[in-house]
Amino acid sequence: MILKYDVIVIGGGHAGCEAACAAARIGAATCLVTMDMNKIAQMSCNPAVGGIAKGQIVREIDALGGQMGIVTDQSSIQFRMLNRSKGPAMWSPRAQCDREKFIWQWRKRLDETEHLDIWQDQADELLVENGAAVGVKTIWGAELRAKAVVITAGTFLNGLMHVGRKMVAGGRIAEPAVSNLTESIAQNGISYARMKTGTPVRIDRRSVDFDLLEEQPGENPIYAFSYLDTPRPSKQLTCWTLKTNEEVHRILLGSIAESPLFNGQIQSIGPRYCPSIETKLTTFPDRDSHPLFLEPEGEDTNEMYLNGFSSSMPMEAQIEALRKIPALANVKVYRPGYAIEYDFFDPTQLKHSLESKKVKGLFFAGQVNGTTGYEEAAGQGLVAGVNAALCAGSDGETEYKPFVMHRDESYIGVLIDDLVTKGVDEPYRMFTSRAEYRILLRQDDADARLTERSYHIGLADRKRMDWWLEKKANIERIISFCQETPIKASEMNAHVEALGTTPLRAGCKLIDLISRPQVTLRAIAPFVKGLPELLDSTFANRKEEIAEAAEIRMKYAGYIERERVIADKMHRLEDIRIKGRFDYNSLQSLSTECRQKLIRINPETIAQASRIPGVSPSDINVLLVLLGR
């Protein structure tokens with residue numbers, strides 16, 4: 001049987017769901033191929049979305065018209081804004097989610113998306129003709145044909161799970177591995193390697209003594225990921241903190257010889273920033289405890305997730321060690337933690353559109369590109385889906401214009417540029433420190449950066465665009481009011497001193513007062529005629545978000561402008577294209593390492609070349625001089 005589409009997406013995880021939705025919303029006839037329709041967007045590890053820099057990515061996905069923010073809000077059971085003690089460039093939203101509701105909210109979004117079909121099957125062979133991807137064959141004999149194919153297979157490609165010395169093939173617990181697709185892709189000259197990740201034990205809440213734990217409540221009022229007014233129907237639940245101790249460490253270290261990470265059983269690279277408990281013990285031998293977080297998996301389940309206790313130790317060692325923690329003395333577990341090895345493809349083989357340099361119309365997104373995390377996967381999936389749809393819609397004779405975001409435009413742009421320019425030697429995780437323009441990439445202004453651009457390519461719909469335009473007008477109205485409203489020192493100083501800042505020496509405009517760190521719009525509003533009514537006249541359910549966005553723009557105007565000037569200077573290098581203009585082997589004035597890296601990456605622009613590890617500033621100057629000739 002042959003089924004024909006414009007775009008085929010392989011894998012129903014976070015990357016695959018965003019890719020399929022994005023391609024279909026642009027208008028491409030799309031088919032999402034997944035092994036289990038009941039595990040769409042499964043949260044294989046922690047049932048949480050967001051966190052440091054990851055939360056910014058989710059807000060960018062939402063601003064672009066993606067679905068992750070909406071689904072998260074509809075299934076959230078606890079919300080927190082991390083890094084509130086720092087500046088707004090560092091604020092990062094995070095939500096604990098109900099795992100099952102998250103799946104079914106995603107399934108609902110997919111079912112409601114026009115031009116999108118779901119096919120429950122397993123991809124077995126990539127079909128390539130004349131150097132272009134034209135479809136896939138499945139294990140059940142179906143042949144799905146398309147003009148573009150997106151690979152988002154997560155950890156399923158030759159997946160191998162480990163618990164102690166026990167090894168079982170699988171892409172996730174109780175789910176089969178995909179055994180032939182990697183080799184089918186690789187025969188087209190695409191190289192691959194192995195990575196490793198892991199997940200913790202799952203605990204029965206009925207066996208936990210919560211009186212011995214420290215409560216970690218969520219925030220109130222509750223913020224949201226989506227810029228739209230999305231309902232949040234779920235009950236807000238509490239998380240809990242606890243610690244390991246020396247007895248826990250003694251038991252785990254006593255079984256370290258049985259750990260796949262240390263007995264040679266696992267050879268692949270694991271995540272640096274989410275290490276297993278056994279890695280923590282050997283890396284920090286002087287620590288007598290490590291923090292753990294006990295988090296609910298949902299409203300209607302007793303299953304809990306023990307964050308910080310990722311492990312592939314023998315199950316007996318895991319359980320025995322846990323019972324040395326007082327609150328878990330009688331603990332019962334649903335299943336032990338395990339590690340999983342899987343195939344990934346070198347992302348330097350991709351263009352910034354996430355299309356393969358080797359096979360036309362073939363796109364990769366998610367963990368198959370060497371990343372870790374739902375959010376990084378979803379961001380890539382959205383970009384790959386958009387570009388797959390644009391590729392499928394082109395006439396085949398001329399190159400389509402890809403949708404690419406720059407490093408000063410989004411964290412997703414930083415993520416993809418890092419992947420295709422620098423490659424990965426360990427599972428990639430996004431941090432705010434990876435972005436050189438953090439002040440421009442705040443979580444509060446993703447819609448300001450991205451919604452209008454997304455609307456013009458057909459991804460963000462009219463409702464989202466109108467919502468942003470009204471919000472934009474409200475923000476500008478607040479800023480204009482503050483710029484125009486005079487403040488008298490004699491009338492305001494008592495209130496100013498009460499807020500913990502020095503009194504005014506003379507009158508000023510309200511915006512000058514708002515620029516002080518101790519002064520907020522809400523705190524000063526009762527004493528400024530017309531300001532309370534202005535702040536409350538915006539969207540009823542999002543007025544605090546709008547006031548906050550206006551306030552951030554006023555307080556940090558100087559910093560924002562300075563960073564914008566720096567970013568604009570870098571854009572000049574982004575405009576200098578070098579691909580196809582040099583025979584790097586013949587440029588003896590470049591270092592040997594530089595020539596090797598430039599040949600392998602084949603950068604599009606001078607700016608991209610400057611970010612390649614091993615390419616020095618002097619090498620860039622040589623290229624600029626040669627271009628001048």
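Side-chain contact, D461 with Y455: no donor N or O sits under 3.5 Å from an acceptor N or O. Defined by atom type and a distance below 3.5 Å, a donor-acceptor pair is present between the side-chain atoms of Q349 and S191. S515 and D512 share no side-chain donor-acceptor pair at under 3.5 Å. Side chains of S226 and D62: a donor on one and an acceptor on the other come within 3.5 Å.
Residues D408 and R564 are paired through a salt bridge, judged by an N-O separation under 4.0 Å between the basic side chain and the carboxylate. Checked for salt-bridge contact, K509 and E484 miss the test: no charged N lies under 4.0 Å from a carboxylate O. A salt bridge links D445 with R442; the closest basic N to acidic carboxylate O contact falls under 4.0 Å. Salt bridge present: E604 and R577 bring a charged side-chain N and a carboxylate O closer than 4.0 Å. Note on R600 versus D346: salt bridge recorded, some NZ/NE/NH1/NH2 to OD/OE distance being below 4.0 Å. The pair D619-R595 fails the salt-bridge criterion, with no side-chain N (NZ, NE, NH1 or NH2) lying under 4.0 Å from an Asp/Glu carboxylate O. Between E545 and K471 there is a salt bridge, since a side-chain N of the basic residue sits under 4.0 Å from a carboxylate O of the acidic one. Ion pairing between a basic and an acidic side chain is recognised when a charged N comes within 4.0 Å of a carboxylate O; R522 and E551 show no such pairing.
Annotation: side chain of L441 is in contact with side chain of R449 (closest heavy-atom distance under 4.5 Å). For the pair L157 and Y342, the minimum side-chain heavy-atom distance is 4.5 Å or more. Side-chain atoms of Y5 and T30, non-hydrogen and from C-beta on, never get closer than 4.5 Å to each other. At least one side-chain heavy atom of E376 sits less than 4.5 Å from a side-chain heavy atom of R429. Side-chain contact check for K579 versus P603: every heavy-atom pair is 4.5 Å or farther apart.
The only member of M81, E60, M90 that meets side chain to side chain contact (heavy atoms under 4.5 Å, CB included) when paired with Q443 is M81.
Enclosure of atom NZ in K357 by more than 12 non-hydrogen atoms of other residues, nucleotides or ligands within 6.0 angstrom is indicated. No more than 12 heavy atoms of other residues, nucleotides or ligands lie within 6.0 Å of CZ in R272, so this atom counts as exposed by the packing criterion.
For the atom pair M570 CE and T605 OG1, the distance stands at 9.5 Å (nearest 0.5 Å). Rounded to the nearest 0.5 angstrom, Q67 CD and Q105 CD are separated by 11.0 Å. Annotation: the span from Q380 atom CD to N369 atom CG amounts to 5.0 Å, rounded to 0.5 Å. For the atom pair CD1 of I10 and OG1 of T34, the computed distance is 10.0 Å after rounding to the nearest 0.5 Å. Note that CZ of R562 and CD1 of I566 are 6.5 Å apart. Values are rounded to the nearest 0.5 Å.
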Item to check | Check against side chain to side chain donor-acceptor pair (under 3.5 Å), S618 and N621 | outcome: CA-CA 5 Å; S618 62; N621 285 334; over 6 Å; no

Next on the checklist: As a quick check of understanding, evaluate salt bridge (charged side-chain N to carboxylate O under 4.0 Å, His left out) for D417 and K422, giving each step before the final call.
Outcome noted: CA-CA 8 Å; D417 185 66; K422 302 175 183 178; over 6 Å; no

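Scanning for side-chain hydrogen bond (donor to acceptor under 3.5 Å, both in side chains) contacts around Y223 gives R84, E548, with sequence neighbours left out. In this view, Q483 and I479, S480, I511 satisfy the side chain to side chain contact (heavy atoms under 4.5 Å, CB included) rule, not counting sequence neighbours. The side-chain hydrogen bond (donor to acceptor under 3.5 Å, both in side chains) test applied to E561 returns no partner, not counting sequence neighbours. Qualifying side chain to side chain contact (heavy atoms under 4.5 Å, CB included) partners for I52, counting only residues two or more places apart in sequence or in other chains: L82, N83, S92, T432.
Counting only residues at least two apart or in different chains, ring pair (Phe, Tyr, Trp, His ring centres under 6.0 Å) contacts with residues 347-386 comprise H14-Y374, F345-F364. Among residue pairs with one or both ends in residues 64-86, those qualifying as ring pair (Phe, Tyr, Trp, His ring centres under 6.0 Å) are F79-F225; sequence neighbours excluded.
In this structure, R438 forms no cation-pi arrangement with Y411, as its terminal cationic atom is not both closer than 6.0 Å to the ring centre and no more than 45° off the ring axis.
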